[in-house]
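Each residue takes its place number in the sequence, starting with 1. The structure presented is a predicted model; accordingly, all values stated were derived computationally and were not measured.
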Amino acid sequence: MLAAGLNVNSSNAVQILLLVGGLTLVPAILFTVTGFSRILIVLGFIRTAVGTNTAPPNQVLVGIALFLTIFVMAPTVGAIKRDAIEPLDAHHISTTTAIVRAEQPLREFMFRQTRVEDISLFVSLAHAKTPHKRAEVPTEVLIPAFIVSELKTAFQIGFLIFLPFLIIDLIVSSVLMSMGMIMLPPTFISLPFKILLFVLVDGWDLVIKALVQSFHPV
């Protein structure tokens, strides 16, 4: 009976140790295996394109990106909770099995967002055998491929966001030059028009809708 109690205490101690160690990896996990990076980069592009360099402030953008990430990752987190965390808490599976089960929903999410070319790139860089199905792609290859794909997608969305504001800047610059007002900074005149355009088209709703749909394409 004493031995059984010691085993239970040892098991709890290992779980607590893993939990504490896992908390230190939360920032890295947030940036590398979720949609946080894509969302934050796109929000940064919006602020730069409009021309309001300090509004919204960085803390607000990070907060928006965090809660949008929670919203986007909710199905994946739910699958991890159902398949790994709850059986582990009920002592139906071991910690090792729980880690393996928790990895699968994350891999599925990353596969949906990762381009085949990026996976091929890192497979070749790792000098690994060419995979013929998803299960054969190592996680250490999938994660960097996912990160590169996220950066590409974020910059593509950012380019599309920049276009209408760039057109406004060009129009304002042309008008000022034709009027001979060369000394007046074009951004000083174009900024109110860009803010007005963003408000009139309900820009935040459009951008957030496009961001969320980019993770779940119809």
CA sep, side-chain torsions, deciding dist, call: Thr153, Arg115, side-chain contact (heavy atoms from CB on, under 4.5 Å): CA-CA 10 Å; Thr153 303; Arg115 295 173 174 83; 3.4 Å; yes
May I ask you to test the [X]-[Y] pair for a side-chain heavy-atom distance under 4.5 Å?
| X | Y | answer |
| --- | --- | --- |
| Pro131 | Val123 | yes |
| Met73 | Thr76 | yes |
| Thr97 | Arg101 | yes |

Distance from [X] atom [atom1] to [Y] atom [atom2], nearest 0.5 Å?
| X | Y | atom1 | atom2 | value |
| --- | --- | --- | --- | --- |
| Ile80 | Phe109 | CD1 | CZ | 10.5 Å |
| Gln113 | Glu108 | CD | CD | 11.5 Å |
| Met110 | Ile143 | CE | CD1 | 5.0 Å |
| Ser124 | Ile119 | OG | CD1 | 12.0 Å |
| Glu150 | Leu40 | CD | CG | 12.0 Å |
| Ile157 | Ile41 | CD1 | CD1 | 10.0 Å |

Within 45° cone and under 6.0 Å: Arg38 NZ/CZ vs Phe215 ring: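 Satisfied, under 6.0 Å and within 45°.
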Between [X] and [Y], is there a shared hydrophobic cluster once you connect ILVMFWY residues whose side-chain heavy atoms come closer than 4.5 Å?
| X | Y | value |
| --- | --- | --- |
| Val212 | Phe36 | yes |
| Leu160 | Phe155 | no |
| Leu170 | Phe193 | no |
| Leu200 | Val207 | no |
| Val201 | Ile168 | yes |

Ring centres under 6.0 angstrom apart (Phe111, Phe146):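 Not under 6.0 Å, so no.
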Candidate pair Thr48 and Phe162, rule side-chain contact (heavy atoms from CB on, under 4.5 Å), full reasoning: CA-CA 9 Å; Thr48 304; Phe162 254 96; 3.8 Å; yes
Donor-acceptor pairs under 3.5 angstrom involving side-chain atoms of residues 55-72: please list them, not counting sequence neighbours.
unit_1, atom_1, unit_2, atom_2, d
Asn58, OD1, Arg47, NH1, 3.0
Asn58, OD1, Arg47, NH2, 2.8
Thr69, OG1, Ala65, O, 2.6

With sequence neighbours excluded, residues passing ring-ring contact (aromatic ring centres under 6.0 Å, His included) with Phe122: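 Per chain and number, Phe122 pairs via ring-ring contact (aromatic ring centres under 6.0 Å, His included) with no residue.
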Residues which pass ring-ring contact (aromatic ring centres under 6.0 Å, His included) with Phe165, listed by chain and number, not counting sequence neighbours: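 Phe165: no ring-ring contact (aromatic ring centres under 6.0 Å, His included) contacts found.
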Enclosure of Lys152 NZ (heavy-atom neighbours >12, cutoff 6.0 Å):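 Correct, the count exceeds 12.
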Donor-acceptor contact below 3.5 Å, side chain Thr114 vs main chain Ala145: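 Here the side-chain-to-backbone pair does not exist.
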Step-by-step side-chain contact (heavy atoms from CB on, under 4.5 Å) determination, Thr139 to Glu103: CA-CA 9 Å; Thr139 303; Glu103 187 181 14; 2.4 Å; yes
Nearest atoms (heavy-atom pairs only) where Ile161 meets Ala49: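 Scanning both residues completely, I find the closest heavy atoms to be CG2-CB, 4.2 Å.
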